[in-house]
Amino acid sequence: MVSKTTRLPVPYDDDEVDDLTIEYPYSDGVPMAENDAQYIAITDTVHALRFRYRHRQDVYVAGDMLMYYRMNRSDLSVAPDVYAVIGAQGNHRRDSWIVWREGKAPDFVMEIASTSTWRRDAGEKRDIYAAIGVTEYWRFDPTGGDFFMPTLVGERLEDGRYQRLESNADADVQQRIRSIVLELDFCVLADGDLRLYDPATGEWLHTPWEDGEGRLAAEAARDAAEAARDAAEVARDAAEAARAAAEAENARLREQLQRLQDQP
């Protein structure tokens, strides 16, 4: 989603009053993504972060949602592809993020590059996020370098300016950058995919695809267990029927033998 921004934000006066009659639209009518690569990177990252913080009521994660940053100006907004707020006023559903009403700007923002957005992501939007106090600003190029290199950039706000976070590589990943805010490693794998890694647990955060495969595997295991139980019940029923038939046959034979013995 690309939202309309006509100029950089300016601080509102302390005595400025929030005009509650102003409407702030929930949508700008622009699609969330231009292609599969951008869509997957957005949805996978939002899903992973939402699942990780599902038990934290003070952490809010969203994506492709309009964010208004200047009081009483419904024409000034951005729509971060991914963002997270630490210290939010509840982890509940929202239609938009209105900075002055929520009490703060996001602590983490990531933009996923596309043909029509990458220049603005690296320029105007970066300036906006710095001006409103977004602590960490990240950019990712899902094409593998069509728009910028390196494909993953993480920056932290220091004295009003963004400074790049350290990027490392190892045998498993092309890039690994630690988010101080989220305490996670954002990694670009050998195939160019973006994945999140929790250094505290030593585990990768799951994507929706992996969660879906896990559910399918669990369902298959449950089905197999139920089939095994059904087969065991059939076997028990067959064994009981065989025992009953054997007992009936034995009784018949005893009765026949008794009649033979009773004959003169």
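For this chain, numbers begin at 1 and follow the sequence in order.
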With a 4.5 Å cut-off on side-chain heavy atoms, are [Y] and [X] touching?
| X | Y | value |
| --- | --- | --- |
| Y83 | Y60 | yes |
| R139 | W118 | no |
| P142 | I40 | no |
| L194 | L152 | yes |
| L76 | Y69 | yes |
| L49 | L184 | yes |
| I86 | R56 | yes |
| D198 | L205 | yes |

Between [atom1] on residue [X] and [atom2] on residue [Y], distance to nearest 0.5 Å:
| X | Y | atom1 | atom2 | answer |
| --- | --- | --- | --- | --- |
| I132 | L157 | CD1 | CG | 10.5 Å |
| W97 | M65 | CH2 | CE | 9.0 Å |
| S27 | D95 | OG | CG | 11.0 Å |
| Q174 | C187 | CD | SG | 11.0 Å |
| N168 | Q175 | CG | CD | 9.5 Å |
| T143 | N35 | OG1 | CG | 8.5 Å |

* Asked: Does I177 share a hydrophobic cluster with I112, counting links as ILVMFWY side-chain heavy atoms below 4.5 Å and allowing steps through other members?
  ->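 Yes; I112 is reachable from I177 via cluster members.
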* Verify same cluster id: V188, V153 (apolar side-chain graph, 4.5 Å) -> no
* Asked: Does anything in residues 178-191 pair up under salt bridge (Lys or Arg N to Asp or Glu O under 4.0 Å), and if so which pairs, sequence neighbours excluded?
  ->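 Of all non-adjacent pairs touching residues 178-191, those that pass salt bridge (Lys or Arg N to Asp or Glu O under 4.0 Å) are R176-D185, R178-D185.
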Report yes or no: does [X] contribute a side-chain atom to a donor-acceptor pair with the main-chain N or O of [Y] at less than 3.5 Å?
| X | Y | answer |
| --- | --- | --- |
| N72 | V17 | yes |
| R156 | T135 | no |
| R50 | V61 | yes |
| N91 | H55 | no |
| K125 | P80 | no |
| Q57 | G90 | no |
| E136 | V181 | yes |
| D121 | E111 | no |

* To do: Can you sort out the partners of Y24 under ring-ring contact (aromatic ring centres under 6.0 Å, His included), two or more places apart, ordered by chain and number?
  => Y68, W100
* F186: what forms a ring-ring contact (aromatic ring centres under 6.0 Å, His included) with it, not counting sequence neighbours? ->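 Scan of F186 (ring-ring contact (aromatic ring centres under 6.0 Å, His included), adjacent residues dropped) gives F108, W138.
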* To do: Give the C-alpha distance, both sets of side-chain angles, the deciding distance and a yes or no for salt bridge (Lys or Arg N to Asp or Glu O under 4.0 Å) between R73 and D75.
  => CA-CA 5 Å; R73 292 293 302 273; D75 60 321; 2.7 Å; yes
Nearest atoms (heavy-atom pairs only) where [X] meets [Y]:
| X | Y | answer |
| --- | --- | --- |
| P150 | R164 | CD-NH1, 4.0 Å |
| T207 | H47 | C-CD2, 3.8 Å |
| G160 | A130 | O-CB, 4.1 Å |
| Y197 | G202 | OH-CA, 3.2 Å |
| F148 | A113 | CE2-CB, 3.8 Å |
| V85 | A105 | CG1-O, 4.4 Å |

* **Carboxylate-amine/guanidinium proximity below 4.0 Å for D159 and R161** => no
* To do: Flag the pair R52 and E203 as a salt bridge only when some basic side-chain nitrogen lies within less than 4.0 angstrom of an acidic carboxylate oxygen.
  => no
* Step by step, work out the side chain to side chain contact (heavy atoms under 4.5 Å, CB included) result for F51 and H206. => CA-CA 8 Å; F51 188 79; H206 283 188; 5.9 Å; no
* Step through the shown structure and confirm whether more than 12 heavy atoms of other residues, nucleotides or ligands are within 6.0 Å of CD on E158. =>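 Enclosed.
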* Are E124 and V78 close enough, and set up right, to give a side chain to side chain contact (heavy atoms under 4.5 Å, CB included), and what steps lead you there? -> CA-CA 10 Å; E124 183 185 10; V78 286; over 6 Å; no
With sequence neighbours left out, what residues match [X] under side chain to side chain donor-acceptor pair (under 3.5 Å)?
| X | value |
| --- | --- |
| D36 | none |
| H92 | R94 |
| R119 | none |

* Give the C-alpha distance, both sets of side-chain angles, the deciding distance and a yes or no for side chain to side chain contact (heavy atoms under 4.5 Å, CB included) between D58 and Y53. => CA-CA 9 Å; D58 64 329; Y53 292 111; over 6 Å; no
* E155 and Y129 side chains, donor-acceptor separation under 3.5 Å -> no
